[in-house]
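To keep things clear, I will list the structure first and then write my remarks on it.
None of these values were measured; they are calculated from a predicted model. One-based numbering along the sequence shown. In what follows, every heavy atom counts, from backbone to side chain, and hydrogens, waters and symmetry copies are set aside.
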Amino acid sequence: MLLALDIGNTQTVVGLYEAVRAEDCKAADGLIQHWRLSTVPERTPDEIAVLLRSLLDSEGVDMHSDITGMAVCAGVPRLRESVRAMAQRYFDFTPVVIEPGTRSGIPILYDNPREVGADRIANAVAAQHLYGGPAVVVDFGTTNNFDVISQHGEFLGGAIGPGIEVSLDAMVGRAAALGPVALTEPRRVIAKTTMESIQAGVIYGFVSQIDGMVGRFADELEQQMLVIATGGLAHLIAPLSDTIQFVEPYLTLHGLWLVHRRNQ
């Protein structure tokens, strides 16, 4: 079995995969279980091992005998190295970590490819495998990442903006009269209460951002593109968007699974 770890700035997603061999599998094929955890940069290698063992035990999986590989992408360098040290101590294999020098199977046409985040590479790999190109991946996380894949399967670049929750927290934190607001769709765009006004501004504002950015990408490339959404808040924005066509909750994990296969 394979462990896939997507370590973000706010949350970490752990996926447990069977040893699926078919290269044409879909995103959820082989995914036995997944867990979404808070990212704690101070966790030590031993603490990470204890946490993983607890999760695997809940599925009746033995961490030492059943896990034969691990793939990692990390936006937190400290945790990336802790996971690497943990694997060296507790497993008989070296984890595949998406970083410069790791074979992704997708050309990266960035001015400096070393600058591209590992999660963006994993998303592009998975999107190209599942849907082909041209395509845009919109990843709703701490930041909103837009990753553009060409019709030839190349990572062209994209855009990065503040995430929905980060923007909402910043607004509420700087305005003394505003309290906590639930991220749910309001009843109308022209809201009649302060809470719904904030919800309308945040949610429909980001919907307009997504659709507007996709339109600009299409204009620049002079072609229409598939749009795939992933990340924790994709389910909230996608139904309201005119451009998002597919929602893949485990897109990053699938990309990690593919990169692991390509580095064996």
Side-chain angles (χ1 to χ4, degrees), residues 1-20 27-28 30-56 59 61 63-64 66-106 108 113-129 137 139 141-143 145 147 155 230-232 248-264:
M1 296 181 181
L2 169 73
L3 275 177
L5 278 68
D6 171 22
I7 304 170
N9 290 291
T10 304
Q11 295 183 332
T12 295
V13 182
V14 180
L16 176 65
Y17 278 86
E18 289 184 7
V20 179
L31 182 61
I32 301 170
Q33 185 56 279
H34 62 91
W35 301 271
R36 187 176 293 272
L37 314 169
S38 297
T39 296
V40 181
E42 293 78 19
R43 279 197 177 117
T44 67
D46 291 333
E47 288 172 331
I48 295 169
V50 170
L51 179 58
L52 290 178
R53 182 182 290 112
S54 176
L55 296 175
L56 295 172
E59 294 296 311
V61 176
M63 189 173 80
H64 299 288
D66 293 333
I67 302 301
T68 58
M70 181 183 297
V72 182
C73 69
V76 184
R78 180 174 178 177
L79 272 178
R80 181 186 62 221
E81 297 312 311
S82 292
V83 169
R84 200 193 307 267
M86 180 275 299
Q88 292 172 348
R89 179 171 180 178
Y90 288 90
F91 296 102
D92 294 328
F93 55 77
T94 299
V96 173
V97 180
I98 297 183
E99 57 189 347
T102 304
R103 291 196 304 273
S104 65
I106 185 170
I108 301 174
R114 300 174 70 90
E115 292 180 356
V116 182
D119 57 334
R120 299 180 70 190
I121 294 174
N123 285 340
V125 168
Q128 197 279 328
H129 175 251
V137 176
D139 189 350
T142 304
T143 59
N145 295 343
D147 303 319
F155 179 90
T230 191
E248 292 286 356
Y250 315 118
L251 189 71
T252 312
L253 296 181
H254 187 63
L256 284 167
W257 176 81
L258 286 167
V259 171
H260 185 270
R261 285 182 55 83
R262 292 170 183 175
N263 283 269
Q264 298 308 300

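Pairs passing the salt bridge (Lys or Arg N to Asp or Glu O under 4.0 Å) check and including a residue from residues 113-123, sequence neighbours excluded, read R120-D147.
Not one N or O on the side chain of T252 forms a donor-acceptor pair closer than 3.5 Å with the backbone of A122. A distance-only check finds a donor-acceptor pair linking the side chain of T102 to the backbone of E99 [under 3.5 Å]. One N or O on the side chain of T39 and one on the backbone of T12 form a donor-acceptor pair closer than 3.5 Å. When atom types are taken as modelled, the side chain of E59 and the backbone of L55 share no donor-acceptor pair closer than 3.5 angstrom. Judged by distance alone, with hydrogens and angles left aside, the side-chain atoms of R103 form a donor-acceptor pair with the main-chain N or O of R262 at under 3.5 Å. Remark: side-chain polar atoms of S82 are paired, donor with acceptor, to backbone N or O of R78 under 3.5 angstrom.
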Would I67 and F93 count as a side chain to side chain contact (heavy atoms under 4.5 Å, CB included) here? Give the steps. CA-CA 10 Å; I67 302 301; F93 55 77; 3.9 Å; yes

Going through the distances and angles, do M1 and L56 end up as a side chain to side chain contact (heavy atoms under 4.5 Å, CB included)? CA-CA 11 Å; M1 296 181 181; L56 295 172; over 6 Å; no

Full working for side chain to side chain contact (heavy atoms under 4.5 Å, CB included) between V61 and Q33: CA-CA 11 Å; V61 176; Q33 185 56 279; over 6 Å; no

Intermediate values then yes/no, side chain to side chain contact (heavy atoms under 4.5 Å, CB included), I121 and C73: CA-CA 9 Å; I121 294 174; C73 69; over 6 Å; no

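Note that CZ of R80 and CG of L5 are 13.5 Å apart. Values are rounded to the nearest 0.5 Å. In this structure, the separation between CG on N123 and CG on D139 is 4.5 Å, given to the nearest 0.5 Å. Expressed to the nearest 0.5 Å, how far OH of Y250 lies from CG of D6 amounts to 13.0 Å. Expressed to the nearest 0.5 Å, how far CZ of R84 lies from OG1 of T94 amounts to 9.5 Å.
Within the 6.0 Å centre-distance limit, the rings of H254 and W257 are counted as a close aromatic pair.
Nearest approach of T230 to P249, heavy atoms of both residues: OG1-O, 3.6 Å. Taking both residues in full, the closest heavy atoms of A49 and M63 are given as O-SD, 3.8 Å, listed atom of the first, atom of the second, then distance. Closest of all the heavy-atom pairs between G15 and L253 is CA-CD1, 3.8 Å. When all heavy atoms of T143 and N145 are compared, the pair lying nearest together is OG1-OD1, 2.8 Å. The two atoms that bring I48 and R43 nearest to each other are CG1-CB, 4.0 Å, heavy atoms only. Taking each heavy atom of M70 and L2 in turn, the nearest pair found is N-CD1, 3.4 Å.
The closest side-chain heavy-atom distance from L3 to L16 is below 4.5 Å. Residues R53 and Y90 are in side-chain contact: their nearest non-hydrogen atoms beyond the backbone lie under 4.5 Å apart. Here the side chains of N9 and V76 are in contact, with some heavy-atom distance below 4.5 Å.
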